Structure formats: structure tokens, C-alpha cells
Amino acid sequence: MKDQILVTGSAGFIGFHLAQKLLLQGFQVIGLDNLNSYYDVNLKKARLNELKKFANFKFYPLELADQTAVKNLFGQEKLTKVIHLAAQPGVRYSIENPHAYIDSNIVGFLNILEGCRHHEIKHLVYASSSSVYGANKKIPFSLKDNVDHPISLYAATKKSNELMAYTYSHLYHIPVTGLRFFTVYGEWGRPDMAVFKFTKAIINNEPIEVYNNGKMQRDFTYIDDIIEGIIRVLDHIPLLNQPPCDDLIIDKNPPYQLYNIGNNNPVELMKLIEIIENCIGKKAIKIMLPMQPGDVLRTYADIEELIKDVGFKPKTSLETGIKNFVQWYRNFYEV
């Protein structure tokens with residue numbers, strides 16, 4: 001019998017693509033999303049409408065921070081695995097609206113952990129972020145690096161998620177895997193991300209804001225590669241290295257894993273803009289601005305552990321990924 005999988009954030013960018021892939025593979029997918037107005041709700045609804053075409057998809061519109069609603073969902077559905085992608089995203093927005101991040105990313109994650117604790121979930125996979133590395137100057141970013149100095153509240157909530165997940169894995173022997181995502185882009189992407197913002201502005205002959213004079217690097221990772229990695233990780237369930245015991249002695253090896261998931265190939269912002277310009281056939285109008293609070297100079301994923309454990313290797317070039325995105329954007333917005 002196929003697993004019944006909960007995908008939180010199923011109307012979001014990564015959640016939508018993941019749910020769609022799992023549905024195509026024949027899994028029963030339970031979707032959860034609050035459809036908030038952080039960005040265009042119509043885009044979220046359009047993604048959701050694509051998922052609702054599948055008979056094996058069921059959707060719950062609810063708030064993660066609603067303890068009773070999340071508890072009831074776990075009680076009603078016979079879930080076997082959980083992929084927790086729902087969160088309040090955005091580095092700069094976390095400076096303006098800090099409470100939204102605590103409600104969704106901390107309280108909401110606790111409710112998911114409690115659901116997994118009480119319903120014998122075979123594997124919880126959750127989204128962390130490359131933001132936890134803060135202003136780390138050592139590259140590439142390694143899982144062995146210290147991540148105790150986040151420079152945005154968003155990053156702090158993601159670091160908190162890693163600590164909470166480890167604790168629940170240790171205390172209740174829940175198999176848990178965390179994924180530190182590195183700048184995901186692609187079709188159906190988020191309007192607040194650089195690829196989407198730049199494409200929209202260039203097509204509409206509007207200026208783009210280029211921070212730190214373009215002297216920034218990001219490990220841009222195409223959505224299809226990310227989904228392939230998540231599904232491989234979902235099947236790679238961490239093992240309990242010692243049997244559960246009643247007196248909760250120190251378990252030095254709980255069934256917990258943590259990975260970077262990125263392209264392992266950072267690209268300068270100006271190069272990204274050039275690729276988008278070439279795909280659209282038009283030059284960007286650039287407004288050069290200083291570094292923004294909470295931003296980092298570069299991200300670069302060391303994915304050696306993910307390659308070793310699940311054979312993950314991103315294969316989509318930035319040129320191909322951007323071409324696919326621009327084509328989707330033109331079709332979706334009828335430009």
C-alpha cells in the first residue's frame with residue numbers, strides 16, 4: 001500500500017511541485033496551507049487548482065499555529081510520512097513582521113512535531129535554509145560549520161527548527177531529516193525572489209534593484225533538482241541507533257539527519273541578470289543599491305553528504321532553468 005503523505009505549504013512554490021510529483025507517482029497526498037497574503041494569493045490558488053485535478057489529493061486550509069486544527073488533522077488522516085515545507089519565508093520581511101515568523105515557523109513547527117510524536121510517523125522531512133549560515137565567510141558552507149550567529153530573524157527561526165527537530169528525534173525516536181535549501185528557483189516560483197522579480201521588471205521595462213552593486217553570489221538551485229533530492233531523502237529514513245528506553249538516557253545517535261541541498265555552484269548576481277536578459281531579449285534597467293540588512297554576500301552548498309547518502313546530484317544549468325522559467329512566466333501571465 002502506498003504511503004499517505006502530508007505536504008505542508010502545498011500551495012507554495014516547493015510544496016506545490018513536490019505534491020504534484022508525489023501525486024503523479026500514485027501517493028495519497030494531504031495538502032495543508034493557509035494561503036496567506038505574503039505574496040499574490042492568486043498564484044497560490046492557481047497552483048492549488050492544478051493539484052485539485054488529482055483524485056488522490058485532499059486539501060486542508062488551516063493555520064499551522066492553530067494547535068487544535070493541526071491535532072485534528074493528524075487524528076483524522078492516517079499519515080505515514082510528513083514533509084513540512086510551510087513557513088513564513090523572506091529575510092527582509094522578517095525585520096518588518098517578526099511575529100509572523102514566530103507564529104508560523106516556531107509555534108507551527110512545534111504543532112507538526114507534536115503531531116508526528118503522537119501518530120507514529122515513519123519519517124518527518126522538514127525545510128531549513130541556507131540562511132542559518134549567516135555571514136559565514138568559509139566556503140562552501142558545510143554541515144560542520146558553526147551556525148550560532150544568524151543575521152535575520154528568519155534565519156534564527158530556521159536554526160531553532162533544527163534544534164527542535166533534533167530534540168524530538170532524541171526524546172521520542174522520531175526519524176527526522178532537515179534540508180537546508182539554497183536559493184530555489186523555477187516555474188511557479190515566488191514573486192519575492194530575484195529570478196521572478198527581475199524577469200517581471202525586465203519584461204515590463206521597469207528598473208530592477210541590484211543590491212551591493214551586484215557583488216553577491218547565490219547557489220541557485222532549479223526546482224526539478226530540488227524535488228528529486230527531497231524524494232530521494234524521503235525514502236532514506238534515518239535509523240534508530242539504540243532501542244528506546246523508559247528513563248530517557250542520553251541518546252547520542254537519534255534517528256536524525258541534516259543535509260545541504262543546493263546546486264554546489266554559486267553564480268554572481270550580474271551573471272544571473274545577464275542570463276535573464278538573454279532569455280527575454282532585452283536589457284535590464286539597473287538601480288544599484290547598497291547591501292540590505294539581513295542579507296549575506298554569498299551562499300555555496302557543500303552537498304557531499306547528500307551525494308554520498310542518496311546519490312543526489314543537481315543536473316540543470318542556470319541557463320536551462322532560467323529559460324524554462326521565462327517561458328512559464330510568459331505563458332502564465334500571457335505576456
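FYI, side chains are in, hydrogens and waters are out, and symmetry mates aren't considered; it's all heavy atoms of this structure. From a predicted model like this one, the values you see are computed outputs, not experimental measurements.
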Answer yes if the side chains of Tyr133 and Asn260 hold a donor-acceptor pair under 3.5 Å, and no otherwise.
-> yes
Do you know which two heavy atoms are closest between Glu162 and Ser128, and how far apart they sit?
-> OE2-OG, 2.6 Å
Quick one: are Leu318 and Asn265 in side-chain contact, heavy atoms under 4.5 Å?
-> no
Does some side-chain heavy atom of Lys53 sit less than 4.5 Å from a side-chain heavy atom of Asn49?
-> no
Can Glu228 and Asp224 be said to form a side-chain contact (heavy atoms from CB on, under 4.5 Å), step by step?
-> CA-CA 6 Å; Glu228 174 69 22; Asp224 287 3; over 6 Å; no
Would a 4.5 Å heavy-atom cut-off, applied to side chains only, mark Thr167 and Leu113 as touching?
-> no
Salt bridge (charged side-chain N to carboxylate O under 4.0 Å, His left out) between Glu305 and Lys144, intermediate numbers included = CA-CA 11 Å; Glu305 292 297 316; Lys144 297 172 184 174; 5.8 Å; no
Partner of Ile5 under side-chain contact (heavy atoms from CB on, under 4.5 Å), chosen from Leu23, Leu234, Val82 = Leu234
Minimal non-hydrogen separation, Thr299 against Ser130, with atom names | CG2-OG, 4.1 Å
Check for a donor-acceptor pair, side chain of Arg117 on one end and backbone N or O of Tyr172 on the other, with a separation under 3.5 Å.
-> no
Lys21, NZ: over 12 other non-hydrogen atoms inside 6.0 angstrom = no
Nearest-0.5 Å distance, CD1 of residue Ile237 to CD of residue Gln257 | 9.5 Å
Do the side chain of Gln292 and the main chain of Pro290 share a donor and acceptor less than 3.5 angstrom apart?
-> yes
Enclosure of Lys215 NZ (heavy-atom neighbours >12, cutoff 6.0 Å) | no
Fit a plane to each ring of Tyr256 and Tyr166, take the angle between them on a 0 to 90° scale, and name the class: parallel (under 30°), tilted (30 to 60°) or perpendicular (over 60°).
-> perpendicular
Any residue meeting ring-ring contact (aromatic ring centres under 6.0 Å, His included) with Phe109, in chain and number order, not counting sequence neighbours | His84, Tyr126
The remaining residues in the hydrophobic cluster of Ile151, counting side-chain heavy-atom contacts under 4.5 Å among Ile, Leu, Val, Met, Phe, Trp and Tyr, are Val296
Without placing hydrogens or testing angles, list every side-chain donor-acceptor pair under 3.5 Å for residues 192-206, not counting sequence neighbours.
unit_1	atom_1	unit_2	atom_2	d
Asp192	OD1	Arg190	NE	2.9
Asp192	OD2	Tyr38	OH	2.7
Asp192	OD2	Arg190	NH2	2.7
Thr199	OG1	Val195	O	2.8
Asn204	ND2	Lys200	O	3.1
Asn205	OD1	Lys282	NZ	3.3

Rounding to 0.5 Å, atoms OG1 (Thr80) and NE2 (His119) come to a distance of 13.0 Å
Around Glu96, counting heavy atoms of other residues, nucleotides and ligands shown, do more than 12 lie under 6.0 Å from its CD?
-> yes
Using atom types as modelled and distance alone, determine if a side-chain donor or acceptor of Lys159 lies under 3.5 Å from a backbone N or O of His149.
-> no
Using the side-chain contact (heavy atoms from CB on, under 4.5 Å) rule, take Phe74 and Ile121 through it: C-alpha gap first, then chi angles, then the decisive distance, then the call.
-> CA-CA 10 Å; Phe74 273 88; Ile121 299 301; 4.3 Å; yes
NZ or CZ of Arg232 within 45° of Phe312 ring axis and under 6.0 Å | no
Determine, for Lys58 against Glu77, whether the closest basic-nitrogen to carboxylate-oxygen distance falls under 4.0 angstrom.
-> yes
Step by step, would you call Met270 with Val210 a side-chain contact (heavy atoms from CB on, under 4.5 Å)?
-> CA-CA 9 Å; Met270 296 305 287; Val210 183; 4.1 Å; yes
Evaluate the criterion side-chain contact (heavy atoms from CB on, under 4.5 Å) for residue pair Asn324 and Ile223; output intermediate values, then yes/no.
-> CA-CA 11 Å; Asn324 292 345; Ile223 186 63; over 6 Å; no
Taking Glu277 for its side chain and Ala284 for its backbone only, find out whether a donor-acceptor pair lies under 3.5 Å.
-> yes
Taking Tyr185 as the fixed residue, which of Phe13, Trp328, Tyr222 is the one that meets the ring pair (Phe, Tyr, Trp, His ring centres under 6.0 Å) rule?
-> Tyr222
With sequence neighbours excluded, tell me which residues meet side chain to side chain donor-acceptor pair (under 3.5 Å) with Tyr333.
-> none
When rounded to the nearest 0.5 angstrom, what distance separates CG in Leu110 from CG in Leu64?
-> 11.0 Å
Spacing of His17 atom NE2 and Leu85 atom CG [to the nearest 0.5 Å] = 12.0 Å
Verify same cluster id: Leu24, Val7 (apolar side-chain graph, 4.5 Å) | yes
Do side-chain atoms of Asn111 reach the backbone of Gly108 as a donor and acceptor pair under 3.5 angstrom?
-> no
Heavy-atom donor-acceptor pair, Asn213 side chain to Met288 backbone, under 3.5 Å = no
With sequence neighbours left out, write down each residue that passes salt bridge (charged side-chain N to carboxylate O under 4.0 Å, His left out) with Asp309, or none if nothing qualifies.
-> none
Heavy-atom nearest pair, Ser94 first then Leu153, reads OG-N, 3.8 Å
Any chance NZ of Lys71 has more than 12 other-residue heavy atoms, nucleotides or ligands included, within less than 6.0 Å?
-> no
Hits for salt bridge (charged side-chain N to carboxylate O under 4.0 Å, His left out) against Glu63, two or more places apart or cross-chain, chain-then-number order -> none
Between the side chain of Asn263 and the main-chain N/O of Asp219, is any donor-acceptor distance below 3.5 Å?
-> no
Does a donor on one side chain sit under 3.5 Å from an acceptor on the other, for Tyr168 and Glu114?
-> yes
Side chains of Met164 and Asn161: does their closest heavy-atom pair fall under 4.5 Å?
-> yes
Classify the angle between the aromatic ring planes of Tyr101 and Tyr154 as parallel (below 30°), tilted (30 to 60°) or perpendicular (above 60°).
-> perpendicular
Is it true that a side-chain atom of Lys2 and a backbone atom of Gln25 form a donor plus acceptor pair closer than 3.5 Å?
-> yes
Classify the angle between the aromatic ring planes of Tyr329 and Phe325 as parallel (below 30°), tilted (30 to 60°) or perpendicular (above 60°).
-> tilted
Is a side-chain donor or acceptor of Thr221 paired with a backbone partner of Val184 at a separation under 3.5 angstrom?
-> no
Do Lys44 and Asn36 have side-chain N/O donor and acceptor atoms under 3.5 Å apart?
-> yes
Roughly how far, to the nearest 0.5 Å, is the CG atom of Asn264 from the CG atom of Asp302?
-> 7.0 Å
Heavy-atom donor-acceptor pair, Asn56 side chain to Phe27 backbone, under 3.5 Å = yes
From CG (Leu43) to CH2 (Trp188), nearest 0.5 Å | 7.0 Å
Heavy atoms, side chains only, cut-off 4.5 Å: are Arg180 and Lys158 in contact?
-> no
